[in-house]
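Before any comments, here is the structure.
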Amino acid sequence: MYEAVYIFKTEIAEEQINEKLERYHALITGENGGEVTATDHWGRRQLAYPIRKQSAGYYVVSQFEAPAVALPEFERLLKLDEDLLRYMVVLNWGEPTAAMSIQTRADRKTDDDDEDDDGMPMIRADREED
C-alpha cells in the first residue's frame, strides 16, 4: 500500500484538483490494476516555508495499492504538473488516512513533574545548577 501527499497551489479550484487527481489515479488503476483505497482533502494549509513564492497550499492525501511498475510513470506525471507545489509518495502499512484538523487532534499530555514516564529524574536544560 502506498500513500501520496499532494500540495497544490491555492489558486486552483477544487473541481480542477479533482480532475487532476482522477488523471493521476487513472495511471494507477488503469492497465496496471491498482486501486485507490482512500482520498482525503485536507484543504488549504499554511506551509512551513515558502515554496515557489507560495505561503499556503491545498493538501490532498491518497492511499492506493499498485504494482511498483506503475510508479515511475505516475511520478513523471506529477513532476510535469505546474500546479503541484510538492508531492511525496511513501509505502504505508497503516490505517487509512484521516483529516488532521486542529479540532480533531487529541490534547497533548502536560508533564509538569520532574520525573520521566519511567520514574527516572528528568534532566532539564532550563534549570541553573546550584
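Every heavy atom of this structure was used, including side-chain atoms; hydrogens, water molecules and symmetry mates were not. Heads up: numbering here begins at 1 and tracks the sequence.
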Could you give the distance from [atom1] ([X]) to [atom2] ([Y]), rounded to the nearest 0.5 Å?
X     : Y     : atom1 : atom2 : value
Gln16 : Leu21 : CD    : CG    : 12.0 Å
Glu3  : Ser62 : CD    : OG    : 8.5 Å
Tyr6  : Tyr59 : OH    : OH    : 15.0 Å
Thr37 : Glu65 : OG1   : CD    : 6.0 Å
Glu82 : Lys9  : CD    : NZ    : 6.5 Å
Asn18 : His25 : CG    : NE2   : 10.0 Å

Taking all atoms of both residues into account, what is the closest heavy-atom pair of [X] and [Y], and its distance?
X     : Y     : result
Gln46 : Ser55 : NE2-O, 3.0 Å
Ile12 : Asp83 : CD1-CB, 2.9 Å
Ala4  : Phe64 : CB-CE2, 3.9 Å
Arg52 : Leu84 : NH2-O, 2.8 Å
Leu85 : Phe8  : CD1-O, 4.0 Å
Ala70 : Ala66 : CB-CB, 4.4 Å

His41 and Tyr58: side chain donor to acceptor below 3.5 Å: yes
In terms of side-chain heavy atoms, does Asp81 have a donor or acceptor partner in Tyr87 at a distance below 3.5 Å?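 Their side chains do not contain a donor-acceptor pair, so the 3.5 Å distance test is not met.
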Test side chain to side chain contact (heavy atoms under 4.5 Å, CB included) on Val90 and Tyr2 and set out the steps. CA-CA 6 Å; Val90 295; Tyr2 295 96; over 6 Å; no
Tell me whether Met88 shares a hydrophobic cluster with Tyr49, the cluster being built from Ile, Leu, Val, Met, Phe, Trp, Tyr side chains joined at under 4.5 Å. no
With clusters defined by side-chain heavy atoms of hydrophobic residues (ILVMFWY) lying less than 4.5 Å apart, directly or transitively, does Leu91 cluster with Val89? yes
4.5 Å side-chain heavy-atom contact, [X] and [Y]:
X     : Y     : value
Asn32 : Phe74 : no
Leu77 : Leu27 : yes
Val60 : Ile17 : yes
Gln63 : Asn92 : yes

If you count every heavy atom of other residues, nucleotides or ligands that lies below 6.0 Å from Glu11 atom CD, does the total exceed 12?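 Above 12, so yes.
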